[in-house]
Amino acid sequence: MKKKLIKAMVAGTLFASLLSFAGCGSTPKADPTIKVNVDDDVDKVVVIDWTDRTLGEISAPTWLKNMTRGNSDTFKEQWSISADRVVKFSRATGKTEAIAQALSRAGFAYTQAAELNQKVIGRVGQGLNDVGQLEALFVAASETKADMAGLREEAGFFQKVRTTNAETGAKTEQYIYYTIYSMSKDTWDALCKKYLMDMMGGANLETETQKKIGALFSEMKADADKKDAQKQAEEKRAYDAQMARLETEKTKAIEQTATAKLNAQEAQAKQAAAEADLLASYLM
């Protein structure tokens, strides 16, 4: 019995030593604060090639990540761009790098119009209670074009990504191309002014809406380079909320129209039946 107890103690000591050794080895302990994404329902996206990869550039440089969050300071520093210039970018996808690049350049004006559209609807739309005014504002903002002039193309960056479908396991590859432009502050101010003036000249815009759009000009000038990701996210949420509200109002209007039409048809049918009964009473 004593020998068994000694063997058990020795075995326990060796086991504890092995655990201690494993903890000090080359394999680190798992950090409980690090969350690992194990959601198999999400498509897996991997960047497999990118600009200047062979020269040591990384697939998602800091300046690019910051710029997608609305902060171009890092890009200006690395590319020696004057701090008073406004920097914007356009992003597009394609089957080849050339196609993605062409689409990115061609779509830059559309990208800027969409940004201005989002700002106007997100900010002005919150104060509009009438669905007709909101719809008129949305139509005007969507149809107004951004006339881009005075631009200087500063850089381009591509990523080749491979996406694995979570359900089928099928793999697809495509290119994403980012084109970065800069412009003087005066150019950006003129663009904002023209966009808003074109909107205020749009059909069916009430005076109340036009006043709100006009009051937005100084804010848009000051907000050329968004440096606050939270502000950008709030603006996006406001825009989405307005679009959801507009869609709900449209659905409600369609339902009300359908109900009114149905009621009218039922009333017409009842009237026809009553007239038929009355006619039958005369014939009897």
Test of understanding: clusters of I, L, V, M, F, W, Y form through side-chain heavy atoms closer than 4.5 Å, transitively. Do [X] and [Y] belong to the same one?
{"X": "Y178", "Y": "I81", "result": "yes"}
{"X": "V124", "Y": "M197", "result": "yes"}
{"X": "L64", "Y": "V45", "result": "yes"}
{"X": "L216", "Y": "M199", "result": "yes"}
{"X": "Y175", "Y": "I180", "result": "no"}

So does [Y] get a backbone contact from the side chain of [X], meaning a donor-acceptor N/O pair under 3.5 Å?
{"X": "K194", "Y": "C192", "answer": "no"}
{"X": "N165", "Y": "T168", "answer": "yes"}
{"X": "S184", "Y": "T187", "answer": "yes"}
{"X": "D43", "Y": "A166", "answer": "yes"}

Atom pair [atom1] ([X]) and [atom2] ([Y]), whose distance is rounded to the nearest 0.5 Å:
{"X": "K160", "Y": "E173", "atom1": "NZ", "atom2": "CD", "value": "4.5 Å"}
{"X": "I176", "Y": "Q159", "atom1": "CD1", "atom2": "CD", "value": "5.5 Å"}
{"X": "K119", "Y": "Y195", "atom1": "NZ", "atom2": "OH", "value": "11.5 Å"}
{"X": "T209", "Y": "Q133", "atom1": "OG1", "atom2": "CD", "value": "4.0 Å"}
{"X": "E154", "Y": "K76", "atom1": "CD", "atom2": "NZ", "value": "10.5 Å"}
{"X": "M183", "Y": "W188", "atom1": "CE", "atom2": "CH2", "value": "6.0 Å"}

Q: Taking the side chain as every heavy atom from C-beta outward, state whether E57 and T51 have any atom pair closer than 4.5 Å.
A: no

Q. L137 versus I213: any side-chain heavy-atom pair under 4.5 Å?
A. yes

Q. Could you give all pairs that pass the ring pair (Phe, Tyr, Trp, His ring centres under 6.0 Å) test and reach residues 44-96, with sequence neighbours left out?
A. W63-F75, W63-W79, W63-F157, F75-W79

Q: Give every residue pair that meets the ring pair (Phe, Tyr, Trp, His ring centres under 6.0 Å) criterion with at least one member in residues 112-145, sequence neighbours excluded.
A: none

Could you tell me which non-hydrogen atom of [X] sits nearest to which non-hydrogen atom of [Y], and how far apart they are?
{"X": "G125", "Y": "L134", "answer": "CA-CD1, 4.1 Å"}
{"X": "N117", "Y": "S142", "answer": "ND2-OG, 3.4 Å"}
{"X": "A60", "Y": "K65", "answer": "O-CE, 3.5 Å"}
{"X": "L205", "Y": "A140", "answer": "CD1-CB, 4.2 Å"}

Side chains of residues 103-113: which donor-acceptor partners sit under 3.5 Å, not counting sequence neighbours?
{"residue": "S104", "atom": "OG", "partner": "S90", "partner atom": "O", "Å": "2.9"}
{"residue": "S104", "atom": "OG", "partner": "Y177", "partner atom": "O", "Å": "3.4"}
{"residue": "S104", "atom": "OG", "partner": "T179", "partner atom": "N", "Å": "3.4"}
{"residue": "S104", "atom": "OG", "partner": "T179", "partner atom": "OG1", "Å": "2.8"}
{"residue": "R105", "atom": "NE", "partner": "E153", "partner atom": "OE1", "Å": "3.4"}
{"residue": "R105", "atom": "NE", "partner": "E153", "partner atom": "OE2", "Å": "3.4"}
{"residue": "R105", "atom": "NH2", "partner": "E153", "partner atom": "OE2", "Å": "3.0"}
{"residue": "T111", "atom": "OG1", "partner": "S90", "partner atom": "OG", "Å": "3.3"}
{"residue": "T111", "atom": "OG1", "partner": "G107", "partner atom": "O", "Å": "2.9"}

(Q) Any salt bridge linking D189 with K185? Criterion: basic side-chain nitrogen under 4.0 Å from a carboxylate oxygen. (A) yes

Q: Determine, stepwise, if the pair L196 / V120 fulfils side chain to side chain contact (heavy atoms under 4.5 Å, CB included).
A: CA-CA 9 Å; L196 293 176; V120 172; 3.8 Å; yes

